[in-house]
2 protein chains.
Amino acid sequence: MSLIRRLNAESAQFDEELKSLLAYEASEDASIEAACAEILHRIQHTGDTALLEYTARFDHLTVQSAAQLEISRTELQAALDGLPTDQRRALEQAAERIRRYHEHQRTESWTYTEPDGTVLGQQVTPLDRVGLYVPGGKAAYPSSVLMNAVPAKVAGVAELVMVTPTPDGLRNPIVLAAAALGGVDRVFTIGGAQAVGALAYGTATIPAVDKIVGPGNAYVAAAKRRVFGVVGIDMIAGPSEILIICDGQTPADWIAMDLFSQAEHDELAQSILLCPDANFLNQVEQAIERLLPSMPRADIIRRSLADRGALIKVRDLDEACRISNHIAPEHLEVSVQDATSLLGKIRHAGAIFLGAYSSESLGDYCAGPNHVLPTSRTARFSSPLGVYDFQKRSSIIQISESGAQSLGPIAATLAKGEGLYAHAASAEFRLKLS
Amino acid sequence: MSLIRRLNAESAQFDEELKSLLAYEASEDASIEAACAEILHRIQHTGDTALLEYTARFDHLTVQSAAQLEISRTELQAALDGLPTDQRRALEQAAERIRRYHEHQRTESWTYTEPDGTVLGQQVTPLDRVGLYVPGGKAAYPSSVLMNAVPAKVAGVAELVMVTPTPDGLRNPIVLAAAALGGVDRVFTIGGAQAVGALAYGTATIPAVDKIVGPGNAYVAAAKRRVFGVVGIDMIAGPSEILIICDGQTPADWIAMDLFSQAEHDELAQSILLCPDANFLNQVEQAIERLLPSMPRADIIRRSLADRGALIKVRDLDEACRISNHIAPEHLEVSVQDATSLLGKIRHAGAIFLGAYSSESLGDYCAGPNHVLPTSRTARFSSPLGVYDFQKRSSIIQISESGAQSLGPIAATLAKGEGLYAHAASAEFRLKLS
């Protein structure tokens, strides 16, 4: 069996092949749903008691009181101070670049005044309190802590509450260091659906938040879906994806390694290359074969490329853009000469990496833009995580006495057309009887 | 029994009383859930066939082919041309004001260039195709058509597809006129979960959209929740709410009618008044008693005020703001002298109406801001419907050769810390071996 499938966009079966390549359905597991419903119900009604019990059962972490689940600011700072110099320096530089980029995203309040004195606009304010879920174990990524915490703080969120499970009491020092750098206000060593419930409903110890962000396993995702409405949530992420459009001028090894960098996340991750040059596709296939054995996560990469990867021959770069718009990839590398000229043809993508030097890995860690991106074609209607996810708007409507005279009859006419006579009367009461 | 409950914020039981006043839990109906799952499944797999069948069964509208479900642009224009002059004029003025306001909300693409030539930013683009659900029957509000359609068109959405059930073939001419004015591109006479499914998955006749917005009954809400992820959706609205903060200087009749204008929507709607002046609260209570009998929807208003309304005596306006921030109301009227001075104390509200002349009803129809607002305390984390709901962003990352040299080592260090060696190699491949 070959390492990765080869497709040709000009073949008669291509549409069907592409459809089956992209097919991915998030499965709903009834037993997970039932467990989450039960856990959330118990957290909502018995608070800390249930939280301690679940934490002992699922994380083998037993404490006498819920207060012991908190990690102090001093401990976070100690974790940062204890990092090897190069790691600390890299984390600081990444945090600084992420902060600088996200400062461009802050939305400001605005108003305008009409000739009759009526003022209209929007007041933009930060969320009061946000919960940040950080997975424990092998999926504990300090970069994710920064990518979630920094935009919240740039938005002006007053209190950022992080939760992260520490199975058997094992703490991840780089994650705690990232929390210190990211400006996280409080950290609790809880996880799973019980942590989501505690953040949504609040307990005597865990403060109730207004929104919960951050990745998690199937239980965390199911619990977030269930508390949506009580609190806000971010998108539920599907498997990670990269789509590369290449003109054949980038070194084949670079492209192969970029495909690997997506594939190494997860066997379900998807890596696709579109190129009009069949020879270059051959070179990339050879590079994959040559480079794969040396990769520490070769097994995951091999499985991901075989199951969900593809090298696709296209007629030209225009066709590549059309296919890319259909896929609406999470990450899109446009690895071509004069990449900017293609930008106007790209309609849907979470992040667009332009030019051969813009590898996705630079964006994942330290270019500045967020690495929390819409997956599974949702870039058609949603955006990277950003400062705007931690701000909300209130309409401002200040009608002048004169404005009420001109608007009142319009509102009354429309209200009567809808059979809403109190609406009409409320507008008409403000009319002067001159 | 009194018409509306009276509370005092200084009483010892107030916190409990407020909690029970605000208590509202959207119930999940298992039979609705099951019916929606079945309908969506059939629409996804048998398309137009299922759509025709459900439309005949639920709306008593039988047609030979799905194409007959479409209302042509000519018919929409005829509906507009057929309106009485005052209604047409009011609708046009409202549409124009809504358009003008929403033009302030358009987000533009932005980039910045770093000293080493690296370019970072975000490309902002409209959604390709949006579905707009408009309920049939008594809840068919032309103002809602404008409030949903205009921001989508201001955002630049290329194709806006409206669906609205026409039970027994009965069409609402004002709704069709509003569609013509709002720039709706196509209209289909379908409704319920089957219409949501058709928009989400597409059929031979109904084009698949990227996002579905607009209000609907319990079946529509349940179907929207189920297709979320395949397409984007707007918020699922709870009962409508108004909170009024008044200093006692506004005519009591105006305030009473403003409370009615919320209560007349629905027996579950909530109308609350906060005021430091007990005498004024008495006057409002008397006004309610006096004005109520003349209202066409008196029965709904009476039930809504008795079950969910309240006149609350507060110590002062600061306390009123604190209570308001806890409630995070959909509509907030700040009916006081110098209302602007309180604006900075308001943290959470869908729309803030400042001053005695700013009645909610003016905002509902024609002030300009959107009347689709977050309900049920969700203004803590969400915003009015706006142009931003019909645009999405893609990160732009163009790393220069020199930028790759400085960012590569940072990314590689962090990637290795996370055990992701292909990420590290992908960054390191771009380093010059000088």
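Quick note on labels: first sequence line is chain A, next is B, and so on, each numbered from 1.
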Do B:Tyr357 and A:Gln405 have side chains that get closer than 4.5 Å, going by heavy atoms?
yes
Heaviest contributor of heavy-atom pairs below 4.5 Å to chain A, chosen from B:Gly408, B:Gly238, B:Gly229, B:Pro409, is B:Gly229
Toward chain B, the part of A:Ile255 with a non-hydrogen atom under 4.5 Å
neither
Bottom line for B:Pro84: the part with an atom under 4.5 Å from chain A's heavy atoms is neither
Any chance you could lay out the salt bridge (charged side-chain N to carboxylate O under 4.0 Å, His left out) test for A:Asp128 and B:Arg347, step after step, and finish with the verdict?
CA-CA 9 Å; A:Asp128 281 351; B:Arg347 288 210 315 280; 2.8 Å; yes
Proximal component of A:Thr378, with respect to chain B [non-hydrogen, under 4.5 Å]:
side chain
So A:Asn370 and B:Ser395, side chain to side chain contact (heavy atoms under 4.5 Å, CB included) or not? Walk me through it.
CA-CA 8 Å; A:Asn370 212 287; B:Ser395 306; 5.8 Å; no
Among A:Ile174, A:Asp253, A:Ile352, A:Leu343, which has the most heavy-atom pairs under 4.5 Å with chain B?
A:Ile352
Given that the side chain runs from C-beta out, which part of B:Glu114 has a heavy atom under 4.5 Å from chain A: side chain, backbone, both or neither?
side chain
Do you know which of B:His348, B:Arg129, B:Met295 has the most heavy-atom pairs under 4.5 Å to chain A?
B:His348
Atom CZ of A:Phe429 and atom OG of B:Ser261: how far apart are they, to the nearest 0.5 Å?
11.0 Å
Non-hydrogen atoms of chain A under 4.5 Å away: do they reach the side chain of B:Asp364, the backbone, both or neither?
side chain
Heavy-atom distances under 4.5 Å only: say whether B:Ala379 touches chain A with side chain, backbone, both or neither.
backbone
What are the two closest heavy atoms between B:Leu127 and A:Arg380, and how far apart are they?
CG-O, 3.6 Å
B:Ile397 side, atom CD1; A:Ser358 side, atom OG - distance, nearest 0.5 Å
7.5 Å
How about B:Leu420 and A:Tyr141: do any of their side-chain heavy atoms sit closer than 4.5 Å?
yes
If only side-chain N and O atoms count, and only distance matters, is there a donor-acceptor pair under 3.5 Å linking B:Glu418 with A:Ser143?
yes
Answer yes or no: is there a side-chain heavy-atom contact under 4.5 Å between B:His104 and A:Tyr112?
yes
Side chains of B:Ile212 and A:Phe381: does their closest heavy-atom pair fall under 4.5 Å?
no
In terms of heavy-atom proximity below 4.5 Å to chain A, should B:Leu407 be classed as side chain, backbone, both, or neither?
both
Any side-chain heavy atom of A:Thr413 within less than 4.5 Å of one from B:Arg89?
no
Check whether NZ of the Lys or CZ of the Arg B:Arg393 lies under 6.0 Å from the centre of the six-membered ring of A:Tyr388 and within 45 degrees of that ring's axis.
yes
Nearest-0.5 Å distance that lies between atom CZ in A:Arg100 and atom CG in B:Leu120
9.5 Å
Most chain B-contacting option - heavy-atom pairs closer than 4.5 Å, from A:Gly355, A:Ala94, A:Ser382:
A:Ser382
Before giving the answer on side chain to side chain contact (heavy atoms under 4.5 Å, CB included), spell out for B:Phe260 and A:His423 the whole-Å C-alpha distance, their side-chain angles and the decisive distance to 0.1 Å.
CA-CA 8 Å; B:Phe260 288 1; A:His423 282 70; over 6 Å; no
Using a cut-off of under 4.5 Å on heavy-atom pairs, state which of A:Ser359, A:Gly363, A:Ala404 scores highest against chain B.
A:Ser359
Checking B:Phe390 against chain A: side chain, backbone, both or neither under 4.5 Å from a heavy atom?
neither
Nearest 0.5 angstrom please: A:Thr125 OG1 to B:Asn325 CG, how far?
9.0 Å
Count the heavy-atom pairs under 4.5 Å between each of A:Glu264, A:Met257, A:Gln105, A:Gln262 and chain B, then report the option with the highest count.
A:Glu264
So, do B:Leu414 and A:Leu91 sit near enough that their side-chain heavy atoms are less than 4.5 Å apart?
yes
Let's test your reading of the structure: which of B:Lys211, B:Met235, B:His265 forms the most heavy-atom pairs below 4.5 Å with chain A?
B:His265
pair B:Ser394-A:Ile346: side-chain heavy atoms closer than 4.5 Å
no
With rounding to the nearest 0.5 angstrom, report the CD1 to OG1 distance, A:Ile396 to B:Thr340.
9.0 Å
Can you tell which part of A:Ser400 gets under 4.5 Å to a heavy atom of chain B, answering side chain, backbone, both or neither?
backbone
Highest number of heavy-atom pairs under 4.5 Å with chain A among B:Ala425, B:Ala427, B:Ala415 belongs to B:Ala415
If you define the side chain from C-beta out and look only at heavy atoms, does anything of A:Pro384 sit under 4.5 Å from B:Gln122?
yes
Measure B:Val209 against the heavy atoms of chain A and call it side chain, backbone, both or neither at under 4.5 Å.
backbone
Measure distances from B:Leu291 to the heavy atoms of chain A and classify the residue's part below 4.5 Å as side chain, backbone, both or neither.
side chain
For A:Tyr101 and B:Trp110, take the angle between the two ring planes, folded into 0 to 90°, and tell me which bin it lands in: parallel under 30, tilted 30 to 60, perpendicular over 60.
tilted
Select, from A:Gln87, A:Glu333, A:Arg97, the one with the greatest count of heavy-atom pairs under 4.5 Å involving chain B.
A:Arg97
Part of A:Val230 within contact of chain B (heavy atom distance under 4.5 Å)
backbone
Counting only heavy atoms closer than 4.5 Å, note whether A:Ala367 contacts chain B via side chain, backbone, both or neither.
both
Taking A:Glu360 for the side chain and B:Ser426 for the main chain, is one N or O donor matched with an acceptor at less than 3.5 Å?
no
Max heavy-atom pairs within cutoff under 4.5 Å with chain B, candidates A:Ala263, A:Ala356, A:Ala328, A:Pro126, goes to A:Ala356
Between the side chains of A:Asp258 and B:Arg430, is the shortest nitrogen-to-carboxylate-oxygen separation below 4.0 Å, so that they form an ion pair?
yes
Contact class of B:Pro296 relative to chain A, heavy atoms under 4.5 angstrom
side chain
